[in-house]
Amino acid sequence: MRTLKYIGRRLLVLVPQLFLISIVTFTLVRMLPGDPARLELGPLAPEEGVELLRHQLRLDEPLPQQYIAYLQRLLQGDFGRSWVNSSSVAQDLLVRAPATLELITAGMLIVLVIMVPIALLSASPSRGWLARATRRVSFSYGLLAGALPDFWLGLVLIFVFFSVLGWAPGPEGRLGILDLPPARVTGFYVVDALLAGNFDTFRSALSHLALPAVTLAFVYGGPIFKMVRASMEAALRSDYTIYAEGLGLPRRTVLLWAMRNAAPPAVVVTGVVAGYLLGGAVLIETVFNLNGIGRYAVQSITTADYAPIQGFVLVAAVFTVMVNLIVDLLQFMIDPRVSARAS
C-alpha cells in the first residue's frame, strides 16, 4: 500500500513537469532561425504562396494561440505532421523508436553484465592476480571514461574493426544492405530475428549493433563504473564489514551485505546515466547510420521542421521522467531510509 501511495505521489508530479517541458520546447523551437514555409516551398517560391502556407500552418498567429492549438492536438495523441515529407510525427517516432531503444538496451546490458562485475572485482582488497589486473583496467578506464567524445570513438572503432581488421560490418544501418528485416514483434531486430528462427538475420543484426552499443557503453558507462567501485570500496572498509569479518561470517555473506549497502548510490547514478543515453544515441545513430529517433531529430533540426523536434523532445522528457520514476521505486524498495521518509 505504501508503494502505491508513493507511485501515486510521483505520478502527480509528472503532469506539471511535462506541461512545463512542452511550453519551453514549443518556445525554443519557434526561436530557431529560418522560415518553415519558405524552407518547404523553396527559395524561388512567390511570396504570396509562402504567406498562404504560413497562414495554413498558423504561423502568422501569436505564440500563445499557436501553443493552445498545439496542446489541443497533443492531448489527442497528435504530434503534428512533418513539413518536409508531410508524414505523421507520431507514426515516424513509433517506427524509429525500436532502433533507439535497442541501442540503449544493448549499451546498458554491456555496462551491467561486463563493467559492473569488473568494478566490483576491482574494489576487492584481494591481492590475487585477477584482482590486480582488474584494478589496473579500472584505473585506465576511469581516466578515459568521459574524456572521449562518443562520435569520435565511434569513428575510431569503425576505422579499426571495419576498415583495418574487417571484423565488423560498416556503418550500413541495423542490417546489411541485402538483408531483409524480420517480422516485427518487438521492433528489436536481434530479438525478432531470434524469435523467427532466422539466424542469418540475427547474426547480421547483432554484428551491426555491436560497435554502436560498445561506443555507447564505453562513453556513458564511466560514471556507473566509478560509482559502483567507490561505493563497494567504502562498504568493504566500513565498520560493519570489519565487525562481520571479525565474527567469522563467511566471505560470501559479507560481500553480499556490502553489495546491498553499496547499491543505492549506484542505482541513482545508473538512472541518471540512463536518462543521458537517449541524448548520446543522437550522435551515435548518425555515425553508424541507424534509423532511430536520434537521427530523426538531427535531420529535423537541419530543416527547421518544428513538429518532429517537439515530438523528439517530449519523447525524451517522458523517457527521462519514467527512468527517474523507476530509480525512485528501486531506491524505495532497497533502501529502508527512503521508505521510512516516504511513509
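Annotation for G311 and V89: closest pair CA-CG1, 4.5 Å, computed over non-hydrogen atoms. The shortest non-hydrogen separation linking V228 to A119 is CG1-CB, 3.8 Å. The shortest non-hydrogen separation linking I284 to P212 is CG2-CB, 3.8 Å. Closest of all the heavy-atom pairs between L103 and A281 is CD2-CB, 4.0 Å. Shown here for P98 and G187, the closest heavy-atom pair between the two residues is CB-O, 3.2 Å.
With hydrogens and angles disregarded, no donor-acceptor distance shorter than 3.5 Å links the side chain of T100 to the backbone of G292. Here the side chain of S207 pairs a donor or acceptor atom with the backbone of S204 at under 3.5 angstrom. Side-chain atoms of D192 come within 3.5 Å of backbone atoms of V185 as a donor-acceptor pair (strictly under, hydrogens ignored).
Partners of F162 by side chain to side chain contact (heavy atoms under 4.5 Å, CB included), not counting sequence neighbours, listed by chain and number: I158. Residues meeting the side chain to side chain contact (heavy atoms under 4.5 Å, CB included) test with A217, sequence neighbours left out: I110, V111, M115. Take F202 and apply the ring-ring contact (aromatic ring centres under 6.0 Å, His included) test, not counting sequence neighbours, and it matches no residue. In this structure, the side chain to side chain contact (heavy atoms under 4.5 Å, CB included) partners of L314, at least two apart in sequence or on a different chain, are I21, S22, Y70, L74, F79. Residues meeting the side chain to side chain contact (heavy atoms under 4.5 Å, CB included) test with A168, sequence neighbours left out: F161, L211.
Rounding to the nearest 0.5 Å gives a distance of 9.5 Å between CD1 of I114 and CG of L109. Taking CZ of F319 as the start and CD1 of I104 as the end, the distance is 4.5 Å to the nearest 0.5 Å. Note that OG of S163 is 10.0 Å distant from CG of L155, once rounded to the nearest 0.5 Å. One finds the CE atom of M322 at 11.5 Å from the OG1 atom of T320 (value rounded to the nearest 0.5 Å). Atoms CD and OG1, from E102 and T105 in turn, are 8.0 Å apart once rounded to the nearest 0.5 Å. Atom CG of L209 is separated from atom CZ of F288 by 10.0 Å, given to the nearest 0.5 angstrom.
L216 and V160 end up in the same hydrophobic cluster when Ile, Leu, Val, Met, Phe, Trp and Tyr side chains are linked at under 4.5 Å. Clustering ILVMFWY residues whenever any of their side-chain heavy atoms sit less than 4.5 angstrom apart, transitively, puts V298 in the very cluster that holds W152. Linking ILVMFWY residues whenever their side-chain heavy atoms come closer than 4.5 Å, directly or via other members, leaves L94 and F188 in distinct clusters. F159 is connected to V156 through a chain of hydrophobic side-chain contacts under 4.5 Å among Ile, Leu, Val, Met, Phe, Trp and Tyr, so both are in one cluster. Residues V190 and L195 fall within the same hydrophobic cluster, defined by Ile, Leu, Val, Met, Phe, Trp and Tyr side chains chained together at heavy-atom separations under 4.5 Å.
Within 6.0 Å of CG on L165 lie more than 12 heavy atoms contributed by other residues, nucleotides or ligands.
The other members of the hydrophobic cluster of Y189, by chain and number, are L175 (side-chain heavy atoms under 4.5 Å, ILVMFWY only).
Here the side chains of L180 and T201 are not in contact, with every heavy-atom distance at 4.5 Å or above. L290 is not listed as a side-chain neighbour of H208, based on a closest heavy-atom distance of 4.5 Å or more. The closest side-chain heavy-atom distance from F312 to V282 is below 4.5 Å.
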*L93 and Y296: side-chain contact (heavy atoms from CB on, under 4.5 Å), yes or no, with the steps?*
CA-CA 8 Å; L93 292 173; Y296 180 59; 3.9 Å; yes
*What's the verdict on side-chain contact (heavy atoms from CB on, under 4.5 Å) for N289 and R295, showing C-alpha distance, side-chain angles and the deciding distance?*
CA-CA 8 Å; N289 199 28; R295 188 177 174 213; 2.9 Å; yes
